Number of protein chains: 2
Amino acid sequence: MVLAHMWRHRFKGDVFRWTLTRKAILDLLSSTLKHMSAQEIYDTLLKSYPGIGLSTIYRNLDLLSRMGLVNRLNIGEGKSRYEYRSSEEKAHHHLICTNCGKIIDYSDFLDEELDLVGKIEKKLARKYNFIVKDHNIDFCGLCKDCR
Amino acid sequence: MVLAHMWRHRFKGDVFRWTLTRKAILDLLSSTLKHMSAQEIYDTLLKSYPGIGLSTIYRNLDLLSRMGLVNRLNIGEGKSRYEYRSSEEKAHHHLICTNCGKIIDYSDFLDEELDLVGKIEKKLARKYNFIVKDHNIDFCGLCKDCR
DNA sequence: GTTATTAATGAAAATGATTGTCATTATGAT
DNA sequence: ATCATAATGACAATCATTTTCATTAATAAC
Ligand SMILES: [Mn+2]
Ligand SMILES: [Mn+2]
Ligand SMILES: [Zn+2]
Ligand SMILES: [Zn+2]
């Protein structure tokens with residue numbers, strides 16, 4: 001598979017090793033639209049990988065997000081959720097339903113957003129001497145089922 | 001004090017009562033630029049209010065944020081931080097230093113932002129049938145001390 | 001392929017933030 | 001002043017996440 005090659009390549013020559021668990025997590029996250037918690041990822045993988053440990057899931061989600069292969073997100077539930085970070089796709093943002101917790105990805109208006117974001121970043125760099133690495137935009141409200 | 005009048009008015013006629021701890025939390029948060037954790041608020045208030053309880057702080061921060069007098073924010077530290085939500089002031093966003101954790105408020109570009117955000121909200125309502133109540137925009141990066 | 005090095009793992013304990021329980025106290029209405 | 005009950009503080013419980021440590025597995029050298 002083409003993705004697996006790319007992942008493996010990211011580990012090549014590094015101190016980190018390419019392991020079954022790392023592949024399993026990336027396989028799972030890259031094949032779902034869900035934004036899964038560590039526990040959900042664990043529960044899912046346990047079916048195909050009996051004996052896998054929850055702490056290993058945590059350790060690897062941390063590593064993969066530091067490597068930029070996975071995004072960690074935080075919608076104020078008291079726990080993190082994770083999603084695969086495609087290298088090709090443009091970044092996307094989130095619609096979060098405050099009633100049922102549903103998370104909808106959206107990437108509409110990205111051109112205008114990127115334009116504005118670029119301008120803001122320049123201004124922030126000048127005014128606050130701050131180097132922007134990344135940004136988050138999300139909208140909270142009520143989804144079609146909860147409105 | 002004028003703020004205390006307003007706060008008290010928000011409690012009038014409600015099932016909720018106006019208590020010393022609630023005033024103490026609002027006094028503290030409305031007089032600082034910091035974004036404080038529950039523990040930090042507790043540690044600070046303990047000096048002037050001996051015998052106050054940490055769980056009371058948590059309960060009240062929850063109530064005050066549900067009432068809209070306080071914002072709860074989450075910058076991926078594994079705990080929430082709180083700030084006073086002024087009714088007059090326009091909303092602001094955050095610059096978050098990923099190295100030292102510093103949080104800088106900014107409200108530059110708000111007009112352009114609001115404009116774009118308004119357009120996005122309309123589109124989202126149409127496309128996803130989603131009612132937007134609020135939005136968050138924050139930038140992560142390195143502050144002037146950490147760059 | 002065998003061996004050696006050491007990163008990665010699973011189990012269990014530890015931690016840290018937050019929430020729940022319950023007897024006591026304080027607020028606001030009468 | 002009295003009453004009904006919301007709010008409180010102490011402490012236990014819960015939940016997500018991290019740490020510890022003995023064992024296993026991935027990689028590089030032979
Ligand atoms: Mn997403
Ligand atoms: Mn702020
Ligand atoms: Zn919903
Ligand atoms: Zn910094």
Side-chain angles (χ1 to χ4, degrees), chain A residues 4-5 7-26 35-67 69-82 101, chain B residues 4-5 7-26 35-67 69-82 101:
Chain A
H5 268 153
W7 300 331
R8 180 147 205 176
H9 186 255
R10 290 291 312 274
F11 282 84
K12 208 66 182 168
D14 214 325
V15 274
F16 306 122
R17 294 174 182 179
W18 178 239
T19 68
L20 195 60
T21 313
R22 285 168 191 177
K23 180 173 185 312
I25 293 172
L26 289 169
H35 301 76
M36 302 179 82
S37 68
Q39 182 71 50
E40 286 168 353
I41 293 168
Y42 171 70
D43 292 341
T44 305
L45 293 183
L46 197 56
K47 294 168 193 156
S48 343
Y49 303 84
I52 202 171
L54 179 57
S55 40
T56 302
I57 303 291
Y58 273 106
R59 276 187 294 244
N60 283 320
L61 286 170
D62 183 57
L63 176 68
L64 294 173
S65 73
R66 280 187 286 114
M67 292 178 72
L69 289 168
V70 154
N71 287 329
R72 178 196 312 249
L73 46 117
N74 218 153
I75 60 168
E77 297 173 297
K79 67 186 163 198
S80 295
R81 292 186 172 274
Y82 302 85
Chain B
H5 268 153
W7 299 333
R8 181 147 201 178
H9 187 256
R10 290 291 313 274
F11 282 85
K12 207 66 180 167
D14 214 326
V15 274
F16 306 122
R17 294 175 181 177
W18 177 241
T19 68
L20 194 60
T21 313
R22 286 170 189 174
K23 179 171 186 313
I25 293 173
L26 289 169
H35 302 76
M36 302 179 82
S37 67
Q39 182 72 52
E40 286 168 352
I41 292 168
Y42 171 69
D43 291 342
T44 305
L45 292 184
L46 197 55
K47 292 169 194 155
S48 343
Y49 303 83
I52 203 171
L54 179 57
S55 38
T56 302
I57 303 291
Y58 272 107
R59 276 187 296 244
N60 283 319
L61 286 170
D62 183 57
L63 176 67
L64 294 173
S65 74
R66 281 188 285 111
M67 292 178 71
L69 289 169
V70 154
N71 286 329
R72 178 197 313 251
L73 46 118
N74 217 153
I75 60 168
E77 297 172 298
K79 66 185 163 199
S80 295
R81 292 186 172 275
Y82 302 85

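Predicted, not measured: the structure shown is a model, and the values here were computed from it. Naming: A, B, ... by sequence-line order, numbering from 1 per chain.
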Partner set under ring pair (Phe, Tyr, Trp, His ring centres under 6.0 Å) for Tyr49(B), not counting sequence neighbours | none

OP1 or OP2 of dT17(D) sitting under 4.0 Å from any side-chain N/O of Ser80(A)?
-> yes

Pairwise N/O distances under 3.5 Å, protein to nucleotides 19-21 of chain D:
from, atom 1, to, atom 2, distance (Å)
dT20(D), O4, Arg59(A), NH1, 3.3

Between protein and nucleotides 27-29 of chain D, what N or O pairs are separated by less than 3.5 Å?
from, atom 1, to, atom 2, distance (Å)
dT27(D), OP1, Trp18(A), N, 2.9

Range on DNA chain C touched by chain B - first to last nucleotide, heavy-atom distance under 4.0 Å = dA17(C) to dG28(C)

Considering only heavy atoms from C-beta outward, does the side chain of Trp7(A) approach that of Leu69(A) to under 4.5 Å?
-> yes

Do Phe11(A) and Arg17(A) have side chains that get closer than 4.5 Å, going by heavy atoms?
-> no

Separation of Leu20(B) CG from Ile52(B) CD1 (nearest 0.5 Å) = 7.5 Å

Looking at OG of Ser37(B) and OH of Tyr82(B), how far apart are the two atoms once the value is rounded to the nearest 0.5 Å?
-> 9.0 Å

Give the minimum heavy-atom separation between Ser80(B) and Asn74(B), together with the two atoms involved.
-> OG-OD1, 4.5 Å

Spacing between Leu61(A) atom CG and dA16(D) atom P, to the nearest angstrom | 14 Å

Atom CG of Leu54(B) to atom C1' of dG9(D): distance rounded to whole Å?
-> 10 Å

Between residues 35-50 of chain A and DNA chain D, which residues have a heavy-atom gap below 4.0 Å?
-> none

Sorted by chain and residue number, the ring pair (Phe, Tyr, Trp, His ring centres under 6.0 Å) partners of Phe16(A) (sequence neighbours excluded) come out as none

For Ile52(B), answer base if it contacts any base atom (sugar-phosphate contacts may also be present), sugar-phosphate if it contacts only those atoms, and nothing otherwise; contact means non-hydrogen atoms under 4.0 Å.
-> sugar-phosphate

Enter the inter-axis angle for the ends of the helix from dG1(C)-dC30(D) to dT30(C)-dA1(D) (five pairs per end, rounded to 10°).
-> 50°

Spacing of Ile41(B) atom CD1 and Leu46(B) atom CG [to the nearest 0.5 Å] | 13.5 Å

Under the salt bridge (Lys or Arg N to Asp or Glu O under 4.0 Å) test, which residues partner Lys79(A), sequence neighbours left out?
-> none

Counting N and O atoms only, with roles assigned by atom type, does the side chain of Arg10(B) sit under 3.5 Å from a partner on the main chain of Met67(B), one being a donor and the other an acceptor?
-> yes

In chain order, what residues pass the side chain to side chain donor-acceptor pair (under 3.5 Å) check against Arg81(A), with sequence neighbours excluded?
-> Glu40(A), Glu77(A)

Report the residue (Gly51(B) or Val15(B)) whose heavy-atom-nearest nucleotide on DNA chain D is the more 5′ of the two.
-> Val15(B)

Please set out all donor-acceptor pairs under 3.5 angstrom arising from side-chain atoms of residues 57-64 of chain B, sequence neighbours excluded.
from, atom 1, to, atom 2, distance (Å)
Arg59(B), NH2, Thr56(B), OG1, 3.2
Asn60(B), OD1, Arg22(B), NE, 2.7
Asn60(B), OD1, Arg22(B), NH2, 3.2
Asn60(B), ND2, Thr56(B), O, 3.1
Asp62(B), OD1, Arg72(B), NH2, 3.0
Asp62(B), OD2, Arg66(B), NE, 3.2
Asp62(B), OD2, Arg66(B), NH2, 3.3

State, yes or no, whether a side-chain contact exists between Lys23(A) and Thr19(A) at a heavy-atom distance under 4.5 Å.
-> no

Rounded off to whole Å, could you give me the OH-to-P distance for the Tyr58(B) and dT14(D) pair?
-> 18 Å

Would you say the side chain of Arg8(A) lies within less than 4.5 Å of the side chain of Trp18(A), judging by non-hydrogen atoms?
-> yes

Kindly compute the distance separating OG1 (Thr44(A)) from CE (Met36(A)), expressed to the nearest 0.5 Å.
-> 3.5 Å

Rounded to the nearest 0.5 Å, how far does NE2 of His35(B) lie from CG of Leu73(B)?
-> 5.5 Å

Could you state the CG-C1' distance from Asp62(A) to dA16(D), rounded to the nearest angstrom?
-> 14 Å

